[in-house]
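Right, one structure below, let's go through it.
No experiment lies behind these values; they were computed from the predicted model shown.
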Amino acid sequence: MKTIKLIFLLLILFVSNVNFAQFGTLDTSFGRGGIVITSFNGFDAVVQSLLFQPDKKIIAGGSVTKSGTTQFSLARYNSDGNLDETFGNLGQVITEYPELMVMTSMALQSDGKIIEAGNLYNSSVSISRFVLVRYDSNGILDTSFGIDGRVITNISDKLDRIASILIQNDGKIIASGATSDEATYSDFAMVRYNSDGTLDTSFGNNGVVVTSIKSWDYANAITTQNDNELIIAGATSKDFDLTLGFDYNFSVAKFDKYGVLDPTFGDAGFLIFGSPDANEKALSVKVLSDGKIVLAGENHSSKYAFMLAQLLPNGNLDASFGNNGVVLNGLSNEFIESVAMQIDGKFLITEYNGTGGCCSANIKLIRFLEDGNFDPTFGIDGIVTTDFLNENNQANSIVIQDDGKIVIGGISGNQIHSDYGLARFNSELVLSTPVNQVVNNTFLAYPNPVNQSMNLDFNLKESQKLDVDLFNINGVKVANLLNNKEFPLGYTSQKITLPETLSKGVYFLSISNGTFLSNVKIVK
């Protein structure tokens, strides 16, 4: 058997039954005791989205209300929480346009350019539009993108609203949300753009896909499956009553690369499920390495609960998970505002009590295990209560660093003013899959760091067909590297080539035979 040089060994994390220190304490190396408050020259400001650059700097995107008009805003921080003064104007950016624009989502292109997405409003006639704004890596408005750095898309005659965006492996940009002509109905909406902001005419109807399932549909999250297929998740109405309003449940739909519903998925391309006596919405969607789909969001009847669902690759509920595919936990009187899935399968959510307005005195950061139960290693029985050093607080975004530390961003303010608020918490990522390893085999990937290709060495105890998928640090599937490839019993050294557009950072190879799973950490 070939001797494998351990100098090339990447971290292989097959850990079980380990007692960890309590995670969830504020990271005092970040800002002031773990908290960062950023004022935009006295204007009201709110963080809506966070992301990490390959150099570990943190970008916070959101909105600033200046002279009665809301505009997109950005701030970039060094790893210690101090503003990066090489970015924009001493670390901050406010984008000046005449119309009101509210930011909802953000993404980083492979060349380091930043795209903020949201909604452009004409309040006098109650019209909103999809809007994208692009900046270079230093926060300077990229005027080569659209018109003066901005792309506006009109889908309907009234209300078009972006909830999330993603960048495909080929660099194309997809925005998802909803469109409607009147208040009593809404449809799923997706728009795909080329990397320069022009509409991708190969997608849907001149770049636009509108899908009506029932009277009211809204997409909150989007992800890719098998590189080219798209999955959106959100909420769909059960019915509409002019007096009582909408009732809604979890919904998910799958499309091919051209924006056509996949008729083999769920019920003719989509699935609606949930409790008959509750309102429910999916806030996050992830595709696992075995093709199963995980949805996370909110259930509301008399109180609020974290709702987790797992689907089979064909869009049917996975009866082996929870109660016929669904888990409810964390019953409280507080709104769930944001959801994130770690690479190890754990979920993080933020809650706040919004009965008095947008915000509350405290924020709850809660971590659940992959089966939907509270994570006892995090905070107190899975719950951390915190704030942004002010009386009004709300967390709108969660991101996980490559070392497992957790950053949240949102609002820090009082009754008359709000600033950017960020906090970072101690934690670590542990990939604990002892019962889900591929027949207990060890996988070695080298060299480390990797440039464009690497070797994946392993010794199988029996012949198997393996899938190898690439995930980023936030648990988002980046690419399928091997698809159902058969390997013989014994030693194999398989060359793996990474996508050419892959940016520098920490990733995980997820190796599966359809039943069992192993994970390998790699650095590019």
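Looking only at distances, a side-chain donor or acceptor of N393 sits under 3.5 Å from a matching main-chain atom of A361. The main-chain N or O of I165 is found under 3.5 Å from a side-chain atom of S105 such that the two form a donor-acceptor pair. For the pair Q401 (side chain) and V407 (backbone), a donor-acceptor distance under 3.5 Å is absent. Under the 3.5 Å distance criterion, the side-chain polar atoms of E298 are matched with a main-chain donor or acceptor of I336. A donor-acceptor pair under 3.5 Å is absent between the side-chain atoms of D160 and the main chain of F130, judged by distance alone. Side chain of R192 to main chain of V209: no donor-acceptor pair is present (N/O by atom type, distance under 3.5 Å, no hydrogens or angles). Counting only distance, with no hydrogens or angles, the side chain of D344 and the backbone of K346 share a donor-acceptor pair below 3.5 Å. The backbone N or O of G62 lies less than 3.5 Å from a partner atom in the side chain of S73, making a donor-acceptor pair. At least one donor-acceptor pair under 3.5 Å links the side chain of R424 to the backbone N or O of S79.
Scanning all heavy atoms of the two residues, the minimum distance from P376 to L369 falls at CD-CD1, 4.4 Å. Minimum heavy-atom separation, F40 to A75: CZ-CB, 4.2 Å. Minimum heavy-atom separation, G409 to L50: N-CD1, 3.5 Å.
Counting only N and O atoms by type, the side chains of S275 and E280 include a donor and acceptor under 3.5 Å apart. For the 3.5 Å distance criterion, the side chains of D27 and S29 qualify, holding a donor opposite an acceptor. Side-chain contact annotation: N362 with T385, donor-acceptor N/O pair under 3.5 Å absent. Side-chain atoms of N414 and N392 include no donor-acceptor pair closer than 3.5 Å. No hydrogens or angles considered: a donor-acceptor pair under 3.5 Å links the side chains of T350 and S338. Using modelled atom types and a 3.5 Å distance limit, the side chains of N373 and D371 yield a donor-acceptor pair. Donor-acceptor pairing under 3.5 Å is recorded for the side chains of S164 and S176. Looking at T38 and Y77, their side chains do bring a donor and an acceptor atom within 3.5 Å of each other. Using a 3.5 Å distance cut-off with no hydrogens or angles, the side chains of T236 and D217 do pair a donor with an acceptor. Inspection of the S412 and D419 side chains reveals no N or O donor paired with an N or O acceptor under 3.5 Å. Using a 3.5 Å distance cut-off with no hydrogens or angles, the side chains of S63 and T70 do not pair a donor with an acceptor.
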### Message
One pair to check against side chain to side chain contact (heavy atoms under 4.5 Å, CB included): Y218 and Y248. What are the steps and the verdict?
### Response
CA-CA 10 Å; Y218 197 104; Y248 48 89; over 6 Å; no
### Task
For the pair F471 and F508, evaluate ring-ring contact (aromatic ring centres under 6.0 Å, His included) and give the outcome as yes or no after the intermediate values.
CA-CA 5 Å; F471 286 79; F508 291 85; 8.9 Å; no
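Between I213 atom CD1 and D267 atom CG the span is 9.5 Å, to the nearest 0.5 Å. The structure places OH of Y507 at 8.5 Å from CD1 of I522, a figure rounded to the nearest 0.5 Å. Taking CD1 of I173 as the reference point, atom CD of Q168 lies at 10.0 Å (rounded to 0.5 Å). Atom CD1 of I511 sits about 5.5 Å away from atom CG of L509, to the nearest 0.5 Å. In this structure, the separation between CG on L108 and CD on Q53 is 6.0 Å, given to the nearest 0.5 Å. Atom CD1 in I349 sits 9.5 Å away from atom CG in L283 (nearest 0.5 Å).
A 4.5 Å side-chain heavy-atom check between K214 and I272 finds at least one atom pair inside the cut-off. Taking 4.5 Å as the limit, some side-chain heavy atom of F23 sits within range of a side-chain heavy atom of R367. Contact of the F306 side chain with the I366 side chain is not registered, since no non-hydrogen atoms from C-beta on lie closer than 4.5 Å. Between N484 and D467 the shortest side-chain heavy-atom distance falls below 4.5 Å. For the pair I400 and L348, the minimum side-chain heavy-atom distance is below 4.5 Å. A heavy-atom distance below 4.5 Å is not found between the side chains of D256 and D262. In this structure, E337 and I363 have side chains that are not in contact, with every pair of non-hydrogen atoms separated by 4.5 Å or more.
Between I406 and the options V384, I398, V399, a side-chain contact (heavy atoms from CB on, under 4.5 Å) holds for only I398.
Ring pair F374/F368: centre-to-centre distance below 6.0 Å.
Within 6.0 Å of atom CG in D277, more than 12 heavy atoms from other residues, nucleotides or ligands are found, so the atom counts as buried in its surroundings.
Using a 4.0 Å cut-off between charged nitrogen and carboxylate oxygen, K56 and D402 count as a salt-bridge pair.
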